[in-house]
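Read the structure below first, then the notes.
Throughout, protein chains are lettered first and strands after them, A, B, ... in sequence-line order, and every chain is numbered starting at 1.
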Amino acid sequence: MSIEKDNRVALENDGMRLDIVAKVTGAAKYSTDQYLPNLLWAAFIRCPYGEATASKSSKEKAEKVKGVLEVNMGNPRGRYDGDRVGYICAESRHALEEAMAAIEIEWQVGKPKTRLSREKTPLEKIDAPQRANEAAQAMENAPVVIERTYDTQVQTHCSLEPHGGTVDAKGDSAIAWVSTQGTFSVRDDLVRTLQMRPTNVEVHCEYVGGGFGSKFGAGPEGDLAARMSKKYGRPCRCFCSRYEEQTDTGMRPGSMQYMKVAADKSGKILGARIHTWGSVGTNGGGGGMSNPSRYNFGVVAKSHQDVNLNSGGPRAMRAPGHPQGMFAVELMIDELAAELGMDPMALRLKADGNRTRSEMMQIGADMIGWKDRLPNGSAKGVIKRGLGMGVTDWGNGGGRATVGVNIHRDGTVEVLSGSQDIGTGFRTMVASAARSQIGCDRKYVTAKVGDSRLPPGPGSGGSVTSRMVAPKAMNAGLLAKQELLKAVAAEWKTDAAKLSIKDGAITDGQQTLDWEKACKLIPNGQISITSSDDGPFAPRGTGSEGVQFVDLTVDTETGIVRVKKIIALQNVGQAVFRSGVENQITGGVIQGLSFALFENRILNRENGTMVNPNMEFYKIAGSMDIPEIIPIIWKNEGDVSVNSVGEPPGIATPGAIGCAIYNAIGVPVRSMPMTPDKILAALATKETIG
Amino acid sequence: MPSNDGKGLSRRGFLRGAGTAAVTTGVIGIPVFVHGEEPQAPAAPTDIDKIASTGATISLSINGQAKEFTVSPADTLLQVIREQANLTGAKEVCSRGSCGACTVLVDGKSVNSCLMLAVDAVGHQVTTVEGLVKEGNLDPVQKAFAEHDACQCGYCIPGFVVRSKALLTEVPHPNREQVKEGLCGNICRCAAYVRIFDAVEAAGKENA
């Protein structure tokens, strides 16, 4: 198959993001931008240690601060840095800040659990999982057996708009502005908190400053704002500071991954024993990971343990469990390939039976220059080049959503969905999907999203929003168009079935009527269609396969990695909004790069305090770290269903970077983030051995 | 013309003015406060000394309009712009100068408004992202961002736009590397960087 390098495969190839002007002028109002008259300010009092008890405390001084309405210190025990031990509600930011500083607590600091490596149950004490004997048998007489342990760090979401909301409860109704990726889950949470009817609770999130999986539901912040607003009959605002954001609004758990894998001489993987540990919060789980994911490892015996540490709990983060799992899996594949004396891509083609990815691998390999890849560690000079690759995929379930389409008599078209645009381009996607069936010029089409009064739709999680909503938008567009054609047919005294819309005008083959004139014929003011059905657009089997190739250099004197180029081939089925899809792919790749090389939540091992709850010591990839990235929107012939693209692009990147570093320096760095110190340490072991 | 006396823009002046433990902690490790310049010599004591802790009225020129605000000595320029002037384009993200989301122009130079006290902006021309729109027309930088889809969630974008505006004054026709260097104080978590670089490079080519 040939590659459309300009990616002109989408329903909307040339149009702009609908809300781009609002975003570049500052006119877009996010939830944090709502400063209502008579506003109350609320915030949580937080425990600054991993495990601590308030042996002595006093809220007296805080309560005396002018403008303070309420100080609550109901919870004397903090279980992690950032844990909520009370709250303050005040009439101004000043009063809130002053009261917070006046809180007196003497903390008795305990012995927090801060390290996965130390708290985990050792492998030999883990109960044998199902198929353990079978896997052991498969590996028993294998010619090649390798046994490795990989680890990955904790990553925080660090959404730029903090978690929280402003709630204005009046009598038996409320309006809320909440930073969320789930309009309707927030509405349901507030209905419970406020004990109001769903008809009386209105949630707005027209603009959302990122979420990445951490912003479902009203959260403790939205809940506090709602309670204080109801209690005092005034609007109340509660948003996290960056410290709170970094400690108590979710994270991607850290991992350790033990893998014993056996293969025959041809590179067929016969079996594996895999055990993974995930570092989660003080209670509960959520630390599982996807390993070996898409590869066929023969007979696999797998077990997992969630290890509770004194930290804020995990929340879903862009492909939860996947990037960390695939880091271990991809690097293991490259180590196995080295052991077998095979090309790592040849081994992947063997272990991954997916036909789309096989094609992607061939094409991506050409683009990155895979044939010039030197054997691991054989590059000359101080600065060594390395190539690496990784694969990705994602599940694609259907689901419920409703979309409305209005066509007005002046020609304007409104596409309505209550689901939210957290930066994915959802607003533009839903409009383009509907317009693809209507056929009018794009200048007539707008979309309203992120408002619980609009037709319901899914939260932005699990890469489902486009997949679930696009068919309904197309169907509503189709039905609305049919209504318009009926109106024109009545005027022309003909059969509506004979009419179509071509180049934005209505035609029966002989006469044409331009869009605005046609819309004037609409009876009763407007056409209004709502569809909860997929109609003829029901999702059919369309995959989310992807393959990525990385070209980078490692400075063997400093350990610094510079990624030069990443090629990301990504199947999204029928792309809707081209620029949005490309932007999503490159964004996912960069987040994967950032996770692989930089980001790292660090807890003080003595007292459990997060030492980098900010944005200068919690290092996120910035402009100087961005390589050339080539996103390729892949479309298999016959793929007509729309897939979402939030999660898959970030999955392959850390593994591909890990493999490229291994290729450059000839020794694997099995621990993320792959920082210069670890690279120099790995090089030192090689020199010692060599 | 941008003023070069540095009054009100110096980091040390800021520290001395504020002088509290909380602020000192917040400033450790920040990158250069005024982009494109070395930190300057301590400024003369600012008007902060004349402001009562209970607050006082100051006049600020924001987007070409002078307006009075009642501020406390600790109020940052960002807080006054957002909470009182109702200009919410500039965002509070890190609160300590490491992300650039709060970037505004002060006398034409880009400044992290979360690190500047409101009182220190007295007598200076403050321009926010909203102020770049002239008579309903987008600034060429804004237009380039729009045309290149230089955005995802958009929360960081006002900061990027304003910083890019200043960058194109410092380096009128930046190449890719100069764009990257010029934007290294701004963080986009969604990582729309490639599009942002494209936009700024294109705006530079259009620059007179």
For residues B:Lys91 and A:Tyr30, determine if any side-chain heavy atom of one lies less than 4.5 Å from a side-chain heavy atom of the other.
yes
Test your reading of the model: is there a side-chain donor-acceptor pair from A:Arg242 to the backbone of B:Arg96, 3.5 Å cut-off?
no
Heavy atoms, side chains only, cut-off 4.5 Å: are A:Val24 and B:Phe160 in contact?
no
Are the side chains of B:Gln142 and A:Val21 in contact, using a 4.5 Å heavy-atom criterion?
no
Side chain, backbone, both or neither of A:Met16 within contact of chain B (heavy atoms, under 4.5 Å)
side chain
Heavy-atom cut-off 4.5 Å, strictly under: side chain, backbone, both or neither for A:Ala27 against chain B?
neither
Using heavy-atom distances under 4.5 Å, tell me whether A:Ile626 contacts chain B through its side chain, its backbone, both, or neither.
both
Toward chain B, the part of A:Phe426 with a non-hydrogen atom under 4.5 Å
neither
Note: B:Pro158 and A:Gly26 closest approach over all heavy atoms is CG-CA, 4.4 Å
Considering only heavy atoms, which portion of B:Val129 lies under 4.5 Å from any heavy atom of chain A: side chain, backbone, both, or neither?
both
What I'd like to find out is whether the side chain of A:Glu582 reaches to under 4.5 Å of the side chain of B:Val194, using heavy atoms alone.
no
So which part of A:Glu245 gets closer than 4.5 Å to some heavy atom of chain B, the side chain, the backbone, both or neither?
neither
If you count heavy-atom pairs under 4.5 Å between each of A:Glu97, A:His157, A:Gln34, A:Lys66 and chain B, which one has the most?
A:His157
Main chain of B:Asp149, side chain of A:Asn583: is a donor-acceptor contact present, judged purely on distance under 3.5 Å?
yes
Scan side-chain atoms only and decide if A:Ser579 and B:Arg195 contain a donor-acceptor pair under the 3.5 Å cut-off.
yes
Give the minimum heavy-atom separation between A:Leu160 and B:Cys156, together with the two atoms involved.
CD1-CB, 3.6 Å
Within-4.5 Å side-chain heavy-atom neighbours: A:Thr25 and B:Glu130
no
If the threshold is 4.0 Å, N to carboxylate O, is there a salt bridge linking A:Asp33 and B:Arg82?
yes
Does any non-hydrogen side-chain atom of B:Cys153 lie less than 4.5 Å from one of A:Glu161?
no
Carboxylate-amine/guanidinium contact A:Glu599 B:Arg189, below 4.0 Å
yes
For B:Tyr193 and A:Thr586, does a side-chain donor sit closer than 3.5 Å to a side-chain acceptor?
no
Pair B:Thr88, A:Lys29: side-chain N/O donor-acceptor within cut-off below 3.5 Å
yes
Minimum-distance pair of heavy atoms, taken over all atoms of B:Cys184 and A:Ser623
CA-OG, 3.1 Å
Tell me, for A:Phe212 versus chain B, whether the close heavy atoms (under 4.5 Å) come from the side chain, the backbone, both or neither.
side chain
